[in-house]
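Below, all heavy atoms of this structure are taken into account, side chains as well, without hydrogens, waters or symmetry copies. Note that the structure is predicted; figures quoted are calculated from it, not measured. To find a chain, count down the sequence lines: A is the first, B the second, and so on, and within it residues start at 1.
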There are 2 protein chains.
Amino acid sequence: MGKKMSNLSNSMEEYLKKLLTLSTAGSIDIRRKELASKFSCVPSQVNYVLETRFTLEKGYLVESKRGGKGFVRIRKIQLPAENILAMFFQDIMAGRINESKVRGLIQRLYESKYISFRESKIMEAALESLKIIKDELLREKLRASLFHEMLLMLVKITL
Amino acid sequence: MGKKMSNLSNSMEEYLKKLLTLSTAGSIDIRRKELASKFSCVPSQVNYVLETRFTLEKGYLVESKRGGKGFVRIRKIQLPAENILAMFFQDIMAGRINESKVRGLIQRLYESKYISFRESKIMEAALESLKIIKDELLREKLRASLFHEMLLMLVKITL
DNA sequence: CCCGGTTTGACCATCTTTGACCTTTACAAG
DNA sequence: CTTGTAAAGGTCAAAGATGGTCAAACCGGG
């Protein structure tokens, strides 16, 4: 099994995901300070975990409120499968789609069961291969082309 | 000839292979610095050993993570689908593999049931996307990179 | 002497942890 | 209302913890 090294951030991530799993509403509210205290760390560590593990790209939405009765709310988002492709189609056709958007796209297609886990990984690998390109502009163009072709193919074979 | 010299690299190689043998999971996690310290050498020596003795062609997969609680993981793998992957790894690693070879590779991976029809189509689409590159040399390099990453991913997710 | 494999070290990249300082909000006192 | 303040949470940059790269130096055999 791919067991993760247990540093503080990983532990906190696991803990929060566990809570999310247990919650029927698919969302949890926490107190930043309390959580930090529970893990014996500074409060800003919580932000670090949220920023690196609970991003939109990874399918989470984080909201918060300061002051008295403040909170941090983490929600697992479920996007409508049918609209995902359309959402990104514009960017891709325009040849302008950044890496983080693409990763989000792959993630969402997988979550919506449009592609399998293996397929998502193959697409990620393809994305990864572009890293050898130095020229940022060319890389952007290729990224768009790559996903244009792959998505088109998916549409074709799904008919 | 025939007998290996017992230099540092060989000793470290043996040590790591011993550990791998003893591990039930077929994978070990080490700390680069610790290992180097154990062998009284600089950390980069570890990389040298990994690069020369634990390559994919030799049946090993190395992953790592930097930062706090980082690690270097070495996994023993069995190159699946007989030698289909192995046959192409040489060319791919060397960054030289032409389009027809790649298409042949995809076809064989599919026929040997190593990848699904959909997966083969996604890979073909990725290959297709490279057509927008004018520079023949760059295209060749990217094609190799693309399949290097995708095959590596296949190996990883098949464990 | 030359060559390939080996050994080292300086410098780099990435991920995590911590802390000082900042902003927002609820609420009670005036 | 207005304002003061305590109670949240947010930002950012530095420090710490690992691993990665690359090229020069080293070294033993042919």
Quiz item: Is it true that a side-chain atom of B/Lys58 and a backbone atom of B/Thr52 form a donor plus acceptor pair closer than 3.5 Å?
Solution: yes

Practice problem: Quick one: label B/Leu50 by what it contacts on the DNA or RNA (base, sugar-phosphate, nothing), any heavy atom closer than 4.0 Å. | Solution: nothing

Quiz item: Side chain of B/Arg32, base of D/dG20: donor and acceptor closer than 3.5 Å?
Solution: yes

Quiz item: Quick one: is C/dT7 close enough that its OP1 or OP2 comes under 4.0 Å of any side-chain N or O from B/Tyr48?
Solution: no

Quiz item: Can you tell which of D/dG9, C/dT18, C/dA26 lies closest to the side chain of A/Ser44?
Solution: C/dT18

Exercise. Would you kindly give the NZ-to-P distance between B/Lys65 and C/dT14, to the nearest whole Å?
Key: 14 Å

Practice problem: Indicate whether OP1 or OP2 belonging to D/dG9 is found under 4.0 Å from a side-chain N or O atom of A/Lys69. | Solution: no

Quiz item: Closest nucleotide of DNA chain C for A/Gly68 versus for B/Leu8: which of these residues is on the 5' side?
Solution: B/Leu8

Quiz prompt | Gap between atoms CD and C1', on B/Glu51 and C/dG4 respectively (whole Å) | solution = 16 Å

Quiz prompt | Which nucleotide in D/dA8, C/dT16, D/dG20 has an atom nearest any side-chain atom of A/Asn10 | solution = C/dT16

Quiz item: How many Å lie between CD on A/Gln45 and P on D/dA15, as a whole number?
Solution: 18 Å

Quiz item: Would you say the base of C/dT23 and the side-chain of A/Arg66 have a donor-acceptor pair closer than 3.5 Å?
Solution: yes

Kindly list each side-chain donor-acceptor pair under 3.5 angstrom involving residues 27-45 of chain A, sequence neighbours excluded, with atom names and distances?
unit_1  : atom_1 : unit_2  : atom_2 : d
A/Asp29 : OD1    : A/Arg73 : NE     : 2.8
A/Asp29 : OD2    : A/Arg73 : NE     : 3.3
A/Asp29 : OD2    : A/Arg73 : NH2    : 3.0
A/Arg31 : NE     : A/Gly70 : O      : 3.1
A/Arg32 : NH1    : A/Asn47 : OD1    : 2.7
A/Gln45 : NE2    : A/Ser9  : OG     : 3.0

Quiz item: For the pair made of CE in A/Met12 and P in C/dT18, what is the distance, rounded to whole Å?
Solution: 10 Å

Self-check item: Interatomic distance where CG belongs to A/Asn7 and P belongs to D/dT18 [whole Å]
Solution: 10 Å

Quiz item: Can B/Glu140 and B/Arg143 be counted as an ion pair, charged N to O under 4.0 angstrom?
Solution: yes

Practice problem: Report yes if some heavy atom in the side chain of A/Lys121 is under 4.5 Å from a heavy atom in the side chain of B/Lys156; otherwise report no. | Solution: no

Quiz prompt | B/Arg31 CZ to D/dG16 P, straight-line distance once rounded to whole Å | solution = 18 Å

Self-check item: Nearest-neighbour nucleotide for the A/Arg53 side chain, C/dT16, D/dG19, C/dT8 considered
Solution: C/dT16

Quiz item: What is the distance, rounded to the nearest whole Å, between atom CZ of B/Arg73 and atom C1' of D/dG20?
Solution: 18 Å

Quiz item: What are the two closest non-hydrogen atoms of A/Tyr48 and A/Arg53, and how far apart are they?
Solution: CE2-NH1, 3.9 Å

Quiz prompt | Atom pair distance, as rounded to whole Å: CG in A/Leu35 and P in D/dA8 | solution = 14 Å

